[in-house]
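Have a look at the structure below before the remarks.
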Amino acid sequence: MRLSRFFMPTLKETPSEAQIASHRLMLRAGMIRQSSAGIYSWLPMGLKVLKKIENIVREEMNAAGCNEVLMPTIQPADLWRESGRYEDYGKEMLRIEDRHGRDMLYGPTNEEQITEIFRASVRSYRDLPSNLYHIQWKFRDEVRPRFGIMRGREFLMKDAYSFDIDHESSKSAYNRMFVSYLRTFDRMGLKAIPMKADTGPIGGDLSHEFILLAETGESEVYCHGDYLDFDVPPDGIDYDGDMQSIVDKWTSLYAVTDEKYVAEEFDAAVPEDKRLHTRGIEVGHIFHFGTKYSEAMGATVLDQEGNATHLQMGSYGIGVSRLVGGIIEASHDDDGIIWPEAVAPFHIGLINLRPGDDATDAACEDLYEKLGNAGVDVLYDDTDERAGGKFAKMDLIGLPWQIVIGPRGLKNGIAEVKNRASGIKEELSLDETLNRFTG
RNA sequence: CGGGGGGUAGCUCAGUCUGGUAGAGCACUCGGCUGGGGGUCGAGCGGUCGCAGGUUCAAAUCCUGUUCCCCCGACCA
């Protein structure tokens with residue numbers, strides 16, 4: 001993509017509404033624009049990242065044996081009256097009336113919808129276990145949206161729902177999602193630690209929040225430092241295999257959010273030099289809730305003896321849009337964003353320092369074309385802005401690599417390759433530069 | 001929902017107290033000098049001062065109402 005034809009309205013100054021780093025940088029890098037409180041438009045740069053994150057989530061869900069569906073954003077109120085949540089949910093739920101006077105709502109979540117779909121189609125234990133997910137926009141009318149995309153009212157979420165015949169099987173479904181989440185966040189270059197979460201009125205130990213460690217996080221967390229070095233389950237792992245030992249390992253050490261924190265327990269469980277007390281961002285939440293919805297909504301299957309049995313269910317969320325902000329919180333510096341390669345909007349930023357100079361233009365165009373042919377996603381700054389502005393802008397948008405070509409280096413056939421994360425610059429010949437990214 | 005702060009050019013903000021021709025920097029357009037870390041000189045473009053009503057010869061400024069946004073708290077994936 002040529003920068004001259006790319007819609008990327010960057011800002012030199014920080015808009016006054018942005019307080020935290022990710023919000024500030026997303027606005028400055030031209031990724032999002034606010035529409036109203038907690039509601040944003042996604043501009044090309046932001047949308048590319050959002051889609052990359054969404055795809056990683058999708059790939060890992062599919063690998064774990066889940067089926068993708070797409071449920072509507074607008075749901076009928078009657079569905080929620082069945083579960084009793086229409087009355088319980090309160091003002092967080094955006095309620096709408098259609099032209100016929102029917103009560104509708106913009107879905108804050110989809111337990112009712114998925115249960116309705118499942119109960120209408122599945123009759124036998126033979127069709128279990130099953131896990132359906134979708135990636136869809138949700139709306140929760142938060143009293144006070146904040147932190148930009150991190151806690152908006154409208155947000156993109158992946159939510160999965162598992163259906164099983166009994167508790168034992170449901171626990172296996174839970175474990176598969178647990179492992180899948182470890183892989184998903186790791187692929188995005190994140191350290192997300194599963195922490196004990198509130199199980200609410202249902203009880204049990206099957207609820208974990210996946211927390212991203214970041215100093216600007218919204219809640220305090222306490223955990224064992226060794227989690228940072230734990231191995232993540234490998235690509236291609238067999239989800240029919242032993243998930244329990246992985247879950248056991250990843251839940252063996254102390255890790256809680258502040259509402260579950262007890263100083264004495266923390267001190268007793270973690271040696272002093274391993275105590276990690278920082279802030280965190282919740283990017284995933286997995287939860288087993290048993291028959292709460294299947295009983296309220298009459299979702300049953302016949303078991304092997306022919307008895308109608310209520311489905312055991314669990315739900316598994318990942319905040320896809322929140323992750324965009326979360327990744328930036330975890331990976332930025334004073335100059336701008338530092339994208340992990342897996343979610344970067346482009347792999348390389350190619351800077352032409354002197355558009356209009358024949359030799360410089362020719363070298364840039366040649367490299368741009370060859371990299372493109374090799375399938376490398378390049379943002380080519382072909383504008384005639386000054387060098388300083390180009391460097392600052394490229395650092396701001398945080399592409400993993402920068403290739404700088406100007407008359408000075410070109411006299412010796414040299415391009416400069418800079419790694420955004422380390423800041424290390426190398427002088428390479430044009431061929432070496434090409435090979436570096438295509439070899 | 002309680003408390004606080006705001007809305008003036010695309011962005012950051014002054015001007016409001018004390019009413020009297022709407023400003024600066026950045027951005028943008030044109031031209032000159034420049035040319036490897038947001039340069040420089042000159043000339044431009046750009047505003048129903050959130051909205052409605054009131055007071056006044058005269059309102060960005062005073063009064064009333066209203067709406068939107070931000071921050072702290074409570075709440076929350």
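By convention in this document, chain letters (A, B, ...) are assigned in the order of the sequence lines, proteins followed by strands, and residues within each chain are numbered from 1.
Of the candidates B:G36, B:C11, B:A74, the closest approach to any side-chain atom of A:R146 belongs to B:A74. Each of B:G37, B:C75, B:G38 was ranked by its minimum atom distance to the side chain of A:K12; first place goes to B:G38. Minimum atom distance to the side chain of A:L353 is reached by B:G36, of the listed B:G35, B:G73, B:G36. Side chain of A:Q34, nearest nucleotide from B:G36, B:C69, B:G38: B:C69. Proximity note for A:P15 (side chain, C-beta onward) versus B:U12, B:U34, B:G36: the nearest is B:U12. The nucleotide whose nearest atom lies closest to any side-chain atom of A:A37 is, among B:G36, B:C76, B:C70, B:C70. Listed nucleotides B:G38, B:A77, B:G36 differ in distance to A:E416; the shortest reach to its side chain belongs to B:G36.
With sequence neighbours excluded, the residues satisfying salt bridge (charged side-chain N to carboxylate O under 4.0 Å, His left out) with A:D141 are A:R153. Residues forming a salt bridge (charged side-chain N to carboxylate O under 4.0 Å, His left out) with A:D98 (at least two apart in sequence, or on another chain): A:R102.
Distance NZ (A:K390) to C1' (B:G38): 13 Å, rounded to an integer number of Å. When the C1' atom of B:G37 is taken as reference, atom CG of A:D395 falls 9 Å away, rounded to whole Å.
The aromatic rings of A:Y227 and A:W250 lie parallel to each other, their planes meeting at an angle below 30°, with 60° marking the opposite boundary.
With hydrogens and angles ignored, a donor-acceptor pair under 3.5 angstrom links the side chain of A:R386 to the base of B:G39. At a cut-off of 3.5 angstrom, the base of B:G25 holds at least one donor-acceptor pair with the side chain of A:E13. A donor N or O paired with an acceptor N or O is found under 3.5 Å between the base of B:C75 and the side-chain atoms of A:R151.
Nucleotides B:G47 and B:G39 are separated by 29 Å at their C1' atoms, to the nearest Å. Of the C1' atoms belonging to B:G54 and B:A43, the separation is 44 Å, rounded to the nearest Å. Nucleotides B:A59 and B:C71 place their C1' atoms 30 Å apart, quoted to the nearest Å.
No option in A:T73, A:L156, A:D159 other than A:D159 meets the side chain to side chain contact (heavy atoms under 4.5 Å, CB included) test with A:K138.
At least one cation-pi condition fails for A:R95 and A:Y89: the charged atom is not both under 6.0 angstrom from the six-membered ring centre and inside a 45 degree cone around its axis.
Summarising the base pairing, B:U29 is matched to B:A43 through a Watson-Crick or G-U wobble pair whose two defining distances lie under 3.5 Å. When both pairing distances are held under 3.5 Å, B:C1 makes a Watson-Crick or G-U pair with B:G73.
Look at A:S16 and you won't find any side-chain N or O under 4.0 angstrom from OP1 or OP2 of B:C70. At the phosphate of B:C72, OP1 or OP2 sits under 4.0 Å from a side-chain N or O atom of A:R144.
A residue-by-residue look at A:L156 and A:V143 shows that A:V143 has its nearest nucleotide of RNA chain B further toward the 5' end.
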